[in-house]
Amino acid sequence: MTAEARENRDFVREMVARDVVSGKFGRPVMTRFPPEPNGFLHIGHAKSICLNFGVAREFGGVCNLRFDDTNPFTEDIKYVESIKEDVRWLGFDWGDREYYASDYFERLYEFAELLVKKGKAYVDSQSEEEIRIGRGTVTQPGAAGPWRDRSVDDNLDLLRRMRAGEFPDGAHVLRAKIDLAHPNMIMRDPLLIRIRKAPHYRRGDAWCIYPLYDYAHGLSDAIEGVTHSLCTLEFKDNRDIYDWLVREVGFERPPEQTEFARLQLDYTVLSKRKLLRLVNEGLVSGWDDPRMPTIAGIRRRGVTPEAIRAFAETIGVARKDARAELASFEFAVRNDLNMRVPRVLCVARPLKVVLTNYPEGQVEQLHAPSYPHDVPRTGSRLVPFSRELWIDRDDFMEDPPRKYYRLSPGREVRLRYGYLITCTDVVKDSSGSVVELHCTYDPVTRGGNAPDGRRVQGTIHWVSVAHALPCELRLYGRLFSVPDPDDVPEGEDFTSLLDPESLAVLRDAWIEPSVADDPPGSRYQFERTGYFVSDLVDSRPGALVFNRTVTLRDSWEKEKARA
RNA sequence: UGCCCCUUGGUGUAACUGGCAACACGCCUGACUCUGGAUCAGGAGAGUCCUGGUUCGAUCCCAGGAGGGGCAACCA
């Protein structure tokens, strides 16, 4: 057991630690991450991945990646590829333990015959509707159907013919014979195997009967030798059938299922069904839309795997339904990016500044460190400076409020890594909007400090008009306008809660030329504005596109809000 | 009118398994600063859902209640 496993324990790790000490399973810790390949992984899965792989590593065990591919209607190879890519990207390694429930179909079928022979399962020939009615309701017990007491021989015969493909979909189904009046609905003779004459993405036409989740899941765990089967809260009731099956089939020291609360995050949805709708209805650009909470989306947004892991650690693991604030996720992102990405100057909404006393045609190369003094990294670049500059419109106000210490008429500010400048004139167009500023620069302040010691409060970013590179900025915000989009007003659809301003595209931004040759996917901090990443899909030399990962904390924004 | 789970500051988790509640995020002050970033110093904020009980003593145990969530898919 590593030191890491000893402290900061959540209830899961505490339990695993106990089991390791007591030697309960008589084998090393084995966990598993069991996605169904019918959608993309999201931040909620990341929590589970961190837990399962984390527990395995901390206790000297292993974690399997097992695809729970039991439904040929919805699953696809493209999803297994993306899932593998995402798990790998998150920083976890399943070695050669890449498993598929579909590889266990034969084994599962044998178990089915075993159960039938033991009188613990039967073939039911009722319709789906009849089965549902026969199950009773949440407040009323169900009743046995007409086929419940079929002989073992009849059951075996029917089961074999189901496998042989003699019956159409829905004609028969294999059910566990437990108790139709069981207080736990799940235990009212749960369905184990159904007929589905559909090709399986991995097994082709090898099978026309497929196991259901309850049947496949626990037994797959047992087949692999999993010790701790960690899943989310909604499977709590399923634990009864899980235990029943591994016991009936005869596994010694079978795996044990433990449930923990799934992650919920403010301002987004984390259900595959809803995410799929967003994609299918074109409400986002795809699974990897940077606004999506999918791993693919988050990655394209510029978040690092380290940040996701750190976030997973801070939210912890518990048994209570909980919802994390976006702020805690953003903290993890900034905290990581702050220490690792270079700073760069980029003007989002350009406003031209002409330095009237700066020599025409002159260009200076100013030295600019890529990291601030408190980040232990080295690196710097030269940024060209000239008579005409772009600054951000937000950094100028003709009639500034109290405590605004950026540029305004008559005021002096520092150009980051550059000179102190003073605004002398405001040029407006016929409609009265500001189109250009005339400023003077103080030649003795190169580098940003005045020899006379005068203090300048404000520092703003800038780029040289003649040298800057045009670029597109995609400013992403929260996908939904309310913290809990799962809480939909009566009669409305969750899509009506989407935030129409979740994406703002700025096409006339300008960035310093030093980034010209950086590879796509490079991350930066655009000083004073936020963390950005060049878009892996759309950015190319000469047509740069940057995604905003997250804004910088902005205490001026708060100050303004107060007024 | 069933069964199961949960309930600690705004949020997420802790509390050596009974000894008067800690950490992180967020929030507020201030310092520092060529990023209104980061950092540093400080602060406010819960008496642990309620009512009883056991106990010298309960967030931890017991009983009842309330609130929230899950379960009636040939989905997982």
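Values reported hereafter were calculated over all heavy atoms of this structure, with side chains retained and with hydrogens, waters and symmetry mates removed.
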>> What verdict does the salt bridge (Lys or Arg N to Asp or Glu O under 4.0 Å) test give for A:D124 and A:R148, after you've listed the backbone C-alpha separation in whole Å, the side-chain angles of each residue and the deciding distance to 0.1 Å?
In response: CA-CA 7 Å; A:D124 195 343; A:R148 195 165 194 268; over 6 Å; no

What N/O pairs connect the protein and nucleotides 27-32 of chain B at under 3.5 Å? Give each pair on its own line.
from, atom 1, to, atom 2, distance (Å)
B:C27, OP1, A:K558, NZ, 2.8
B:U29, OP1, A:R562, NH1, 3.2

>> Just to verify, what does A:V444 make a side chain to side chain contact (heavy atoms under 4.5 Å, CB included) with, not counting sequence neighbours?
In response: A:D442, A:P451

>> Once ring pair (Phe, Tyr, Trp, His ring centres under 6.0 Å) is applied, do any residues pair with A:Y100, and if so which ones, sequence neighbours excluded?
In response: A:F67

>> Give me the stems containing RNA chain B, sorted by first residue, counting only three or more consecutive Watson-Crick or G-U pairs with both distances under 3.5 Å; say none if there aren't any.
In response: B:2-7 with B:66-71, B:10-13 with B:22-25, B:27-31 with B:39-43, B:49-53 with B:61-65

> Who passes salt bridge (charged side-chain N to carboxylate O under 4.0 Å, His left out) against A:K272, sequence neighbours left out?
Replying inline: none

>> Ignoring hydrogens and geometry beyond distance, is the side chain of A:D374 in donor-acceptor contact with the base of B:G37 at under 3.5 Å?
In response: yes

>> Under the rule for side-chain hydrogen bond (donor to acceptor under 3.5 Å, both in side chains), what residues qualify as partners of A:E128, not counting sequence neighbours?
In response: none

> A:F235: what forms a ring pair (Phe, Tyr, Trp, His ring centres under 6.0 Å) with it, not counting sequence neighbours?
Replying inline: A:Y213

> Taking only residues two or more places apart in sequence, or in another chain, which ones meet A:R203 in a side-chain hydrogen bond (donor to acceptor under 3.5 Å, both in side chains)?
Replying inline: none

>> So, using side-chain hydrogen bond (donor to acceptor under 3.5 Å, both in side chains) as the criterion, who are the partners of A:R478 when residues are at least two apart?
In response: A:Y267

Distances under 3.5 Å only, N/O to N/O: pair up the protein atoms with those of nucleotides 62-67 of chain B.
none

> In chain order, what residues pass the side chain to side chain contact (heavy atoms under 4.5 Å, CB included) check against A:R319, with sequence neighbours excluded?
Replying inline: A:F11, A:L233, A:E259

Any N/O pairs under 3.5 Å between the protein and nucleotides 4-12 of chain B? List them or say none.
from, atom 1, to, atom 2, distance (Å)
B:C4, O2', A:K236, NZ, 3.4
B:U8, OP2, A:K320, NZ, 2.5
B:G10, N2, A:E325, OE1, 2.9
B:U11, O4', A:E325, OE2, 3.1
B:U11, O3', A:R323, O, 3.3
B:U11, O2', A:R323, O, 3.3
B:G12, OP1, A:R323, N, 3.3
B:G12, O2', A:I315, O, 2.6

